[in-house]
Amino acid sequence: MIRENLHTVEENICAACNRSGRTREDVTLIAVSKTKPVEILQEAYDLGCRDFGENKVQELVDKYDKMPKDIRWHMIGHLQRNKVKYIVDKVYMIHSVDSLRLAEEISKEAVKRNVTVSILVEVNVSDEESKFGTTSEDAVSLVEAVSALPNIVVKGLMTIAPYVENSEENRLYFAKLKQIYVDIIHKNIDNVFMEELSMGMTGDYEVAVEEGATLIRVGTGIFGERQYTTV
Ligand SMILES: *Cc1c(COP(=O)(O)O)cnc(C)c1O
């Protein structure tokens, strides 16, 4: 099943790239493996997946220990400051930095372990109350503040678009994140390398790719529905 799903997702990414004049290499597919057991992750790994996304610290650490070491682990879920220390030397990128206090904690732990952590600033472009992320208005100043911290590098922006039936409804949010990204590039902030736009999930990744996503986070579309009762 995973093989067929991955094949479909790949075809869809390529088609979206073609429609928007981009190349497949511009887009990294992150396999969002939360709630799935390592045997299932291994299946995806054997089919070529090297980027995996998790949203819980404990689960990421467990899977990190059990899975091959060439995997790039992406922390995509809300991160509590007291848990930063468990993942700071294990993650390839933290997508969900939404406050200076969290960034300060990441920086502090990164200095202790002598590592540099790549982060994305999460922006709540749709202004949904239920969502984490800085407001669009505060995104630039948060990027500026975070960029001054040691052992942390701002690599781009991330957003979680609303759940919608028709993915076209999210196009404006993806375009809005891209616009903030471009605004930040034009500011030429030291230690800020705007390279990544993490946007698009199973329901809307094709639209996100058309709007410039470089990292798409696909769970259900690869692994099938999640069952939250059995972990
Ligand atoms: C779960 C999750 C995804 C993947 O969602 P699907 O709809 O299953 O593709 C992407 N991003 C974040 C932040 C998530 O928590």
Side-chain angles (χ1 to χ4, degrees), residues 20-23 25-28 30 51 53 55 72-81 83-85 87-128 131-161 170-201 208-217:
S20 51
R22 308 181 67 206
T23 60
E25 291 71 45
D26 297 338
V27 182
T28 298
I30 300 173
D51 290 272
N55 69 338
R72 294 180 288 268
W73 293 98
H74 297 258
M75 177 60 194
I76 62 174
H78 183 64
L79 181 56
Q80 288 171 304
R81 281 180 297 138
K83 294 192 175 158
V84 166
K85 56 180 177 286
I87 59 162
V88 91
D89 55 354
K90 299 187 171 63
V91 286
Y92 175 74
M93 191 173 278
I94 299 174
H95 292 228
S96 43
V97 176
D98 60 356
S99 72
L100 184 57
R101 273 161 46 115
L102 174 59
E104 283 169 344
E105 183 67 21
I106 294 169
S107 172
K108 192 183 95 193
E109 291 297 329
V111 169
K112 266 195 212 164
R113 285 172 178 71
N114 201 23
V115 294
T116 299
V117 183
S118 296
I119 66 108
L120 305 178
V121 164
E122 179 173 356
V123 188
N124 182 4
V125 278
S126 57
D127 260 328
E128 281 188 296
K131 290 226 157 69
F132 293 106
T134 178
T135 64
S136 303
E137 292 71 34
D138 292 341
V140 180
S141 55
L142 180 57
V143 166
E144 269 170 334
V146 174
S147 69
L149 299 171
N151 295 47
I152 196 166
V153 179
V154 182
K155 286 284 178 70
L157 305 176
M158 178 271 224
T159 199
I160 304 174
N170 282 339
R171 189 178 292 279
L172 79 162
Y173 297 125
F174 298 142
K176 191 169 171 191
L177 192 71
K178 172 83 186 252
Q179 188 55 56
I180 299 169
Y181 168 94
V182 169
D183 290 346
I184 293 171
I185 290 175
H186 288 152
K187 288 198 164 253
N188 275 317
I189 307 166
D190 275 352
N191 206 33
V192 172
F193 303 88
M194 281 284 139
E195 294 163 2
E196 308 290 358
L197 272 174
S198 171
M199 56 189 197
M201 310 179 15
V209 167
E210 288 171 13
E211 293 301 323
T214 63
L215 299 168
I216 56 173
R217 311 177 307 265

Heavy-atom pair with the smallest gap, counting every atom of [X] and [Y]:
X	Y	result
Gly212	Leu197	O-CD1, 3.6 Å
Lys131	Asn124	O-ND2, 3.6 Å
Leu215	Met93	CD1-SD, 3.9 Å
Ala145	Leu100	CB-CD1, 3.8 Å
Met199	Ile216	O-CG2, 3.4 Å
Val88	Ala110	CG2-N, 4.1 Å

To the closest 0.5 Å, what do you measure between [atom1] ([X]) and [atom2] ([Y])?
X	Y	atom1	atom2	result
Thr135	Leu142	OG1	CG	9.5 Å
Glu122	His78	CD	NE2	9.0 Å
Leu177	Met158	CG	CE	10.0 Å
Leu149	Ile106	CG	CD1	9.5 Å
Leu79	Ile87	CG	CD1	4.5 Å
Ser126	Asn170	OG	CG	7.5 Å

Charged N-O contact under 4.0 Å between Lys112 and Glu109:
yes
If the threshold is 4.0 Å, N to carboxylate O, is there a salt bridge linking Glu210 and Arg171?
yes
Ala213 backbone acceptor or donor facing Arg22 side chain under 3.5 Å:
yes
Under 3.5 Å, is there a donor-acceptor pair between the side chain of Thr214 and the main chain of Asp26?
no
Would you say the side chain of Ile160 lies within less than 4.5 Å of the side chain of Arg217, judging by non-hydrogen atoms?
yes
Anything under 30° is parallel, anything over 60° is perpendicular, the rest tilted; go ahead and classify Tyr92 against His74.
perpendicular
Donor-acceptor list for residues 182-194 side chains, cut-off 3.5 Å, not counting sequence neighbours:
{"unit_1": "Asp183", "atom_1": "OD1", "unit_2": "Gln179", "atom_2": "NE2", "d": "3.1"}
{"unit_1": "Asn191", "atom_1": "ND2", "unit_2": "Ser147", "atom_2": "O", "d": "3.1"}
{"unit_1": "Asn191", "atom_1": "ND2", "unit_2": "Ile152", "atom_2": "O", "d": "3.3"}

Mind checking side-chain hydrogen bond (donor to acceptor under 3.5 Å, both in side chains) for Lys85 and listing every partner two or more places apart, or none if nothing turns up?
none
Taking only residues two or more places apart in sequence or in another chain, which ones pass side-chain hydrogen bond (donor to acceptor under 3.5 Å, both in side chains) with Thr159?
none
Do Leu157 and Val143 pass the side-chain contact (heavy atoms from CB on, under 4.5 Å) test, and can you show the C-alpha distance, the side-chain angles, and the key distance before you say yes or no?
CA-CA 9 Å; Leu157 305 176; Val143 166; 4.2 Å; yes
